[in-house]
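Written out below as structure tokens is the structure these notes cover.
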Amino acid sequence: MYVLKPADTRYQTLNVYIPEAYFSGGSIDGYTAQTAPIFFPNNIGGYMPATAGQPENDQRAGGKPNAIMLALSKGYVVASAGARGRTEANGHAPAAIVDLKAAVRYLKANDQAMAGDANKIISNGTSAGGALSALLGTSGGSKDYEPYLRQLGAARANDTIFAVSAYCPITNLEYADAAYEWQFNGVNDYQKIDISMLDYKVERKLVKGTQTPAQIQLSGSLKALFPAYVNSLKLKNAQGTPMTLDANGNGTFKTEMEAMLLQSAQKALDNGKDLSDQTWLTIQNGKAIAADFAAYAQFVGRQKTAPAFDGVDLSTGENQLFGDARTDKKHFTAFSLKNSTVAGSLKADAHTVKLMNAMNYTSPTQHYRIRVGENDRDTSLAIGLLLSLKLKNSGKNVDYALPWGVPHSGDYDLDELFAWMKSVAMK
């Protein structure tokens with residue numbers, strides 16, 4: 001247990017693994033028991049409860065060693081924390097991020113007694129776990145979480161971490177619906193993934209369909225909300241160009257999104273991939289020269305119906321995330337509350353919603369690696385780009401990319417991940 005007063009002993013546990021060489025005073029890749037960074041992966045998916053991870057072969061990756069095994073081989077001390085999740089009465093927001101913060105505090109408080117350098121904790125997660133990894137980074141040291149941490153008896157230590165790895169983070173839920181419809185408005189056929197839990201593992205089932213007239217109308221209304229949000233952030237790209245959208249959803253932010261897709265496509269072309277089937281992409285002499293974002297959305301296809309996250313019928317996992325012990329599912333946006341089809345539905349309080357969004361915080365954590373697959377349709381590509389731009393505009397070191405052809409997934413480029421970790425850890 002990483003807290004004195006655990007709310008759920010099934011999940012609030014921490015598995016710590018130490019490379020064998022460190023028990024005999026050895027070193028690995030320049031690291032020792034005292035200097036090795038601490039790799040801090042979570043197994044959270046769909047904001048479900050998750051047990052602490054362990055070294056094993058990943059069957060989803062063809063039986064290759066998972067990230068924990070690879071981290072140990074490269075000299076990292078590994079600390080993997082379990083966390084409560086939305087399907088438990090005490091696992092609604094902000095339980096998961098509070099648990100991860102409590103685990104970080106445990107590591108910080110026991111730094112002198114344990115192997116690894118707790119000043120160099122590097123988090124890693126995918127999907128909801130990626131969102132929590134990012135939030136763990138941006139919200140480090142925030143007093144907003146103190147009451148929850150005190151209630152659990154968390155260690156009195158700082159919870160700021162050193163670096164963040166986030167794969168396809170499902171974050172910024174307040175604006176995720178508007179972002180999704182900005183991308184997919186006009187695409188009405190969908191292939192929806194229903195998520196359930198089986199033996200502590202997230203299971204996904206594909207369901208095909210077409211949006212109803214009511215959903216199409218909601219899509220248009222949500223798309224119209226996105227430009228004002230983007231403009232309110234007052235972000236700039238690397239060239240100093242303000243990131244804006246007009247009332248129709250066009251503008252420099254959209255151009256930046258297309259530029260990121262072009263960058264992904266060019267890398268694929270340079271690696272010898274045949275992209276002639278990508279009807280949204282213009283290629284001349286082996287160079288990707290133009291991308292049509294609307295055509296791209298049609299090509300990859302819609303995965304979720306409108307609203308994608310705050311369901312008007314309270315049917316989504318995110319609705320359950322923002323419930324509480326009395327009311328299992330709640331709305332978390334004014335839009336869906338207004339359009340709710342459930343009589344007597346309630347809205348989560350604004351503070352709880354704030355606690356779950358990495359965009360709402362800026363901590364001392366300096367290093368971020370964000371990967372969103374070019375073929376990821378689980379959330380709008382805009383969400384990852386906005387997070388990347390905000391972090392860069394805050395002076396952070398951000399490595400952001402859209403790996404070509406990759407769907408909603410994580411840990412698919414572990415060699416590259418650990419190379420990045422090495423580069424920032426040695427700075």
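- Of all heavy-atom pairs between Leu381 and Gly373, the closest is CD2-O, 3.9 Å.
- Defined by atom type and a distance below 3.5 Å, a donor-acceptor pair is missing between the side-chain atoms of Asn90 and Glu88.
- Ion pairing of Lys304 with Asp378 is present here, as a side-chain N (NZ or NE/NH1/NH2) and a carboxylate O approach within less than 4.0 Å.
- Atom CD in Gln211 sits 11.0 Å away from atom CZ in Phe184 (nearest 0.5 Å).
- Not less than 6.0 angstrom separates the ring centroid of Tyr2 from the ring centroid of Tyr106.
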Any chance you could lay out the side-chain contact (heavy atoms from CB on, under 4.5 Å) test for Leu100 and Phe40, step after step, and finish with the verdict?
-> CA-CA 9 Å; Leu100 294 181; Phe40 189 74; 4.3 Å; yes
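- Considering all non-hydrogen atoms of both residues, Ala155 and Ala109 come closest at CB-CB, 3.7 Å.
- Looking at heavy atoms from C-beta onward, Tyr17 lies in side-chain contact with Pro55 at the 4.5 angstrom threshold.
- Salt bridge annotation for Arg105-Asp159: present, with a cationic side-chain nitrogen under 4.0 angstrom from a carboxylate oxygen.
- Note that CG of Asp292 is 9.0 Å distant from OG1 of Thr279, once rounded to the nearest 0.5 Å.
- The side-chain heavy atoms of Thr51 and Arg10, taken from C-beta on, include no pair separated by under 4.5 Å.
- Here Asn188 contributes atom CG and Arg302 contributes atom CZ; the two are 6.5 Å apart, rounded to the nearest 0.5 Å.
- Side-chain contact annotation: Thr333 with Asp310, donor-acceptor N/O pair under 3.5 Å present.
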Would you check, one step at a time, whether the test side-chain hydrogen bond (donor to acceptor under 3.5 Å, both in side chains) holds for Asn339 with Ser336?
-> CA-CA 5 Å; Asn339 291 280; Ser336 287; over 6 Å; no
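- Of the N and O atoms on the side chains of Thr316 and Asn319, at least one donor lies less than 3.5 Å from an acceptor on the other residue.
- Note that Lys120 lies in the cation-pi zone of Phe162, set by a 6.0 Å cut-off to the ring centre and a 45° limit from the axis.
- Closest of all the heavy-atom pairs between Asn185 and Ser219 is ND2-OG, 2.8 Å.
- Donor-acceptor pairing under 3.5 Å is recorded for the side chains of Asp144 and Tyr361.
- Listed here is the closest heavy atom pair of Glu374 and Leu402: CB-O, 4.0 Å.
- Side-chain contact of His92 with Asp324: a donor-acceptor pair under 3.5 Å is absent, judged by distance alone.
- Salt-bridge check for Asp399 with Arg371: passed, with a basic side-chain N closer than 4.0 Å to an acidic carboxylate O.
- Counting all heavy atoms, side chain and backbone alike, Ala176 lies closest to Ile383 at CA-CD1, 4.0 Å.
- Ring pair Phe309/Tyr180 is perpendicular by interplanar angle, where above 60° counts as perpendicular and below 30° as parallel.
- A donor atom on one side chain and an acceptor atom on the other are found under 3.5 Å apart for Asp189 and Thr210.
- In this structure the side chain of Phe335 reaches within 4.5 angstrom of the side chain of Leu225, judged on heavy atoms.
- Aromatic pair Trp182/Tyr229: ring centres not closer than 6.0 Å.
- Side-chain atoms of Asp99 and Gln12 include a donor-acceptor pair closer than 3.5 Å.
- Side-chain atoms of Phe332 and Glu174, non-hydrogen and from C-beta on, never get closer than 4.5 Å to each other.
- Residues Asn42 and Asn124 bring no donor and acceptor atom of their side chains to less than 3.5 Å of each other.
- Thr362 and Lys390 share a side-chain donor-acceptor pair at under 3.5 Å.
- A distance of 3.5 Å separates CD in Gln284 from CD1 in Ile289, rounded to the nearest 0.5 Å.
- Each of Leu173, Leu135, Thr171 was evaluated against Asn357; a single residue qualifies, Thr171, per the side chain to side chain contact (heavy atoms under 4.5 Å, CB included) test.
- Closest of all the heavy-atom pairs between Ala163 and Val424 is CB-CG2, 4.5 Å.
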Trace of the side-chain contact (heavy atoms from CB on, under 4.5 Å) decision for Met243 with Glu256 | CA-CA 8 Å; Met243 296 287 93; Glu256 187 75 6; 3.7 Å; yes
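- With contacts defined as side-chain heavy-atom distances shorter than 4.5 Å, the pair Asn237/Lys392 does not qualify.
- Residues Ile122 and Val164 form no side-chain contact, since every pair of their non-hydrogen atoms from C-beta on lies 4.5 Å or further apart.
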Working for side-chain contact (heavy atoms from CB on, under 4.5 Å), residues Met260 and Tyr400 | CA-CA 9 Å; Met260 292 306 304; Tyr400 165 73; 3.6 Å; yes
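- Side-chain atoms of Val16 and Val78, non-hydrogen and from C-beta on, never get closer than 4.5 Å to each other.
- Using bins of under 30°, 30° to 60° and over 60° for the plane-to-plane angle, the ring pair Phe418/Tyr76 lands in the tilted bin.
- Separating the CG atom in Leu321 from the OH atom in Tyr47 is a distance of 6.0 Å, to the nearest 0.5 Å.
- Note that CZ of Phe226 and OG of Ser380 are 6.0 Å apart. Values are rounded to the nearest 0.5 Å.
- Two residues are said to be in side-chain contact when any heavy atoms from C-beta on lie closer than 4.5 Å; Asn66 and Leu70 fail this criterion.
- Within the 3.5 Å criterion, the main-chain N or O of Thr160 finds a donor-acceptor partner in the side chain of Lys108.
- In this structure, Lys101 satisfies the cation-pi test against Tyr145, with its NZ or CZ atom closer than 6.0 Å to the six-membered ring centre and inside 45 degrees of the ring normal.
- Asp376 and Tyr167 form no side-chain donor-acceptor contact under 3.5 Å, judged by distance and modelled atom types alone.
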For Asp313 and Thr341, what are the C-alpha separation, side-chain angles and deciding distance, and is it a side-chain hydrogen bond (donor to acceptor under 3.5 Å, both in side chains)?
-> CA-CA 5 Å; Asp313 59 354; Thr341 61; 5.6 Å; no
Would you check, one step at a time, whether the test side-chain contact (heavy atoms from CB on, under 4.5 Å) holds for Lys287 with Ile283?
-> CA-CA 5 Å; Lys287 300 295 182 183; Ile283 302 170; 5.9 Å; no
